[in-house]
Amino acid sequence: MKEFVIVIPARFDSKRFPGKPLKKILGKEMIVRTVEQCKKSKFLKCVYVATDSKIIFNLLKKKKFENVIMTPKKCITGTDRIAYFAKKIKAKTYINVQGDEPIIKPNDIDKIYKYAKKNRNDVINGYAKIKNYSELKNSNIPKVVFDDKKNLIYISRSLIPFVKKFNSHNYYKQICVYAFPRKKLMKVFKNKKSKIEKKEDIEILRFLENNICVKMVKLSGESKAVDTRKDVIEVKKIISKENF
C-alpha cells in the first residue's frame with residue numbers, strides 16, 4: 001500500500017462548463033496544466049488522474065502520462081470518484097487536487113501534505129482569505145467558517161457568517177485541495193449525497209454530516225479554479241503574467 005498519492009478527478013460533463021478538462025488555455029488543455037502543476041510538488045511524485053472520459057484518458061496517454069484510471073460516469077462527485085479510485089489504487093492518504101485547478105501552487109499541495117503527514121487521521125481542506133467583493137458574492141466560491149482550532153464549522157455558497165458591520169469581519173474561501181485518510185473516505189463516500197450536501201452542492205459537507213471533523217489549513221489563495229468560461233480569461237492573464 002502506498003503512503004500518499006495525489007488524485008485529480010476529471011469529469012467530462014460538467015453542468016456549468018461541459019468538456020471543461022479539455023479546454024485549452026494558451027494552447028494546453030486544462031487537465032494537462034493541472035497534472036503538470038501537481039508534478040511540481042517537492043514531496044509527492046505519485047500523481048493520478050481519475051476520469052469518466054475516454055477522450056481525457058486517451059489524451060493523457062498520448063502525452064505519455066500513464067497514471068490514468070477510468071471510473072464510472074455514475075460517480076456523483078469528485079470525492080466519490082476518488083473513493084472508487086481507492087478501490088483500485090490503495091493508499092493510506094489521498095491528496096485530492098481538483099481537475100479545474102490549472103494554476104494550483106505546488107507549495108500549497110506540499111503544505112497540505114506536511115500537515116497530513118503529521119496528522120494521519122484527519123480529513124483536511126485548504127482555505128484562504130477572501131480579498132475582493134466579487135469573490136464574496138460569487139456562489140461558485142464556497143465560504144468557510146471555522147473555530148479557533150481550525151475545525152470546519154460550516155461551508156456554504158452563501159455569504160457566511162452574517163455580520164452587521166460588513167467591514168468588521170474577515171471572510172474565507174475554500175481552496176479545493178484536500179487530504180483524505182483511506183478509512184474515513186471509504187466509510188463516508190458511497191456515492192450517495194447527504195441532505196445538506198445535496199442542498200449546498202458542496203461534497204466536504206458529507207464528512208460533517210457524518211460527524212467527522214474537517215481540519216482547515218491556510219493556503220496562499222493564489223490559485224484560481226475554473227468554474228465558468230469567464231474564469232478561463234482570468235487564468236490566461238495569470239499564466240501570461242507569471243510565465244508558466
- Item | Check ion pair Lys193-Glu203 (N to O, under 4.0 angstrom) | no
- First locate atom CD1 of Ile141, then atom NZ of Lys173, and finally report the distance between them rounded to the nearest 0.5 Å.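 Nearest 0.5 Å value for the CD1-NZ distance: 5.5 Å.
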- Going by the side-chain contact (heavy atoms from CB on, under 4.5 Å) test, name the single residue among Ile124, Val177, Leu44 that passes it with Tyr113.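 In the set Ile124, Val177, Leu44, the residue that makes a side-chain contact (heavy atoms from CB on, under 4.5 Å) with Tyr113 is Leu44.
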- Task: Applying side-chain contact (heavy atoms from CB on, under 4.5 Å) between Glu197 and each of Leu208, Ile204, Thr77, report the one that passes.
- Result: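 Testing Glu197 for a side-chain contact (heavy atoms from CB on, under 4.5 Å) against Leu208, Ile204, Thr77 leaves exactly one candidate, Thr77.
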Please list every donor-acceptor pair under 3.5 Å in which a side-chain atom of residues 85-99 meets a protein atom from a residue at least two apart or in another chain.
unit_1: Lys92; atom_1: NZ; unit_2: Glu3; atom_2: OE2; d: 3.1
unit_1: Tyr94; atom_1: OH; unit_2: Ile89; atom_2: O; d: 2.7
unit_1: Tyr94; atom_1: OH; unit_2: Ala91; atom_2: N; d: 2.9
unit_1: Tyr94; atom_1: OH; unit_2: Arg182; atom_2: NH1; d: 2.7
unit_1: Asn96; atom_1: ND2; unit_2: Val7; atom_2: O; d: 3.4
unit_1: Asn96; atom_1: ND2; unit_2: Gln98; atom_2: OE1; d: 3.2

- Ion pair present between Lys195 and Glu209, side-chain N to carboxylate O less than 4.0 angstrom? no
- Taking only residues two or more places apart in sequence, or in another chain, which ones meet Lys111 in a salt bridge (Lys or Arg N to Asp or Glu O under 4.0 Å)?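 Lys111: no salt bridge (Lys or Arg N to Asp or Glu O under 4.0 Å) contacts found.
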- Listed by chain and number, what are the salt bridge (Lys or Arg N to Asp or Glu O under 4.0 Å) partners of Arg11, not counting sequence neighbours? none
- Take Lys215 and Asn119 through the test side-chain hydrogen bond (donor to acceptor under 3.5 Å, both in side chains) and record every step on the way to the result. CA-CA 10 Å; Lys215 288 286 185 179; Asn119 303 274; over 6 Å; no
- Query: Does Asp147 offer a backbone N or O that forms a donor-acceptor pair with the side chain of Asn151 under 3.5 Å?
  - Reply: no
- To the nearest 0.5 Å, how far apart are OG in Ser156 and NZ in Lys199? 12.5 Å
- Might you confirm whether atom NZ of Lys61 has over 12 heavy atoms from other residues, nucleotides or ligands at distances under 6.0 Å?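 Check passes, neighbour count above 12.
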- Message: Using the rule given for side-chain hydrogen bond (donor to acceptor under 3.5 Å, both in side chains), can you reason through Thr34 versus Glu101, listing the C-alpha separation, both sets of side-chain angles and the distance that settles it, and then say yes or no?
- Response: CA-CA 6 Å; Thr34 305; Glu101 291 275 357; over 6 Å; no
- Note on the structure: Tightest non-hydrogen contact, residues Glu29 and Leu22, listed as CG-O, 3.6 Å
- Query: Can you get from Ile153 to Leu205 by hopping between Ile, Leu, Val, Met, Phe, Trp and Tyr side chains that sit under 4.5 Å apart?
  - Reply: yes
- Query: Got a second to check how far Ile112's CD1 is from Leu219's CG, nearest 0.5 Å?
  - Reply: 4.5 Å
- Given Arg206 and Asp80, is the salt bridge (charged side-chain N to carboxylate O under 4.0 Å, His left out) satisfied, shown in steps? CA-CA 11 Å; Arg206 205 179 310 177; Asp80 287 290; 2.8 Å; yes
- For Ser220, which residues count as a side chain to side chain donor-acceptor pair (under 3.5 Å) partner, sequence neighbours excluded? Asp108
- Message: Tell me if a side-chain donor or acceptor on Ser41 pairs with a main-chain N or O of Phe43 at a distance below 3.5 Å.
- Response: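 Side chain of Ser41 to backbone of Phe43: a pair is present.
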- Note on the structure: Here the gap from Ile6 atom CD1 to Ile8 atom CD1, rounded to the nearest 0.5 Å, amounts to 7.0 Å
- Within the side chain of Lys63, is there an N or O that forms a donor-acceptor pair under 3.5 Å with the backbone of Val32? no
- Task: Find out if a path of hydrophobic residues (ILVMFWY) with successive side-chain heavy-atom gaps under 4.5 Å connects Leu159 to Ile155.
- Result: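 In one cluster: no.
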- Message: Tell me every residue that passes salt bridge (Lys or Arg N to Asp or Glu O under 4.0 Å) with Asp122, counting only those two or more places apart in sequence or in another chain.
- Response: none
- NZ/Lys73: more than 12 non-hydrogen atoms of other groups inside 6.0 Å: yes
- Task: Could you tell me whether Lys218 atom NZ has more than 12 heavy atoms of other residues or ligands within 6.0 Å of it?
- Result: no
- Task: Please report the closest heavy-atom contact between Val163 and Tyr171, naming both atoms and the distance.
- Result: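 Val163 and Tyr171 have their closest heavy atoms at CG2-OH, 3.2 Å.
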- Please say whether more than 12 non-hydrogen atoms of neighbouring residues, nucleotides or ligands are located less than 6.0 Å from NZ in Lys45.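 Correct, the count exceeds 12.
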- State the CD1-CD1 distance between Ile104 and Ile175, to the nearest 0.5 angstrom. 7.0 Å
- OH-CZ distance between Tyr115 and Arg120, expressed to the nearest 0.5 angstrom: 13.5 Å
- side-chain hydrogen bond (donor to acceptor under 3.5 Å, both in side chains) between Arg81 and Thr71: does it pass, once the steps are laid out? CA-CA 7 Å; Arg81 198 170 303 285; Thr71 58; 2.7 Å; yes
- Message: Please report whether the ring centroid of Phe207 lies less than 6.0 Å from that of Phe180.
- Response: yes
- Query: How close do Arg157 and Asp201 get, heavy atom to heavy atom, and via which atoms?
  - Reply: NH2-O, 2.7 Å
- Item | Residues that Tyr127 engages under ring-ring contact (aromatic ring centres under 6.0 Å, His included), provided they are two or more places apart |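 Only Phe146, Tyr172 meet the ring-ring contact (aromatic ring centres under 6.0 Å, His included) criterion with Tyr127.
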- Treating Ile, Leu, Val, Met, Phe, Trp and Tyr as nodes and any side-chain heavy-atom pair under 4.5 angstrom as an edge, say whether Val188 and Tyr178 lie in one connected cluster. yes
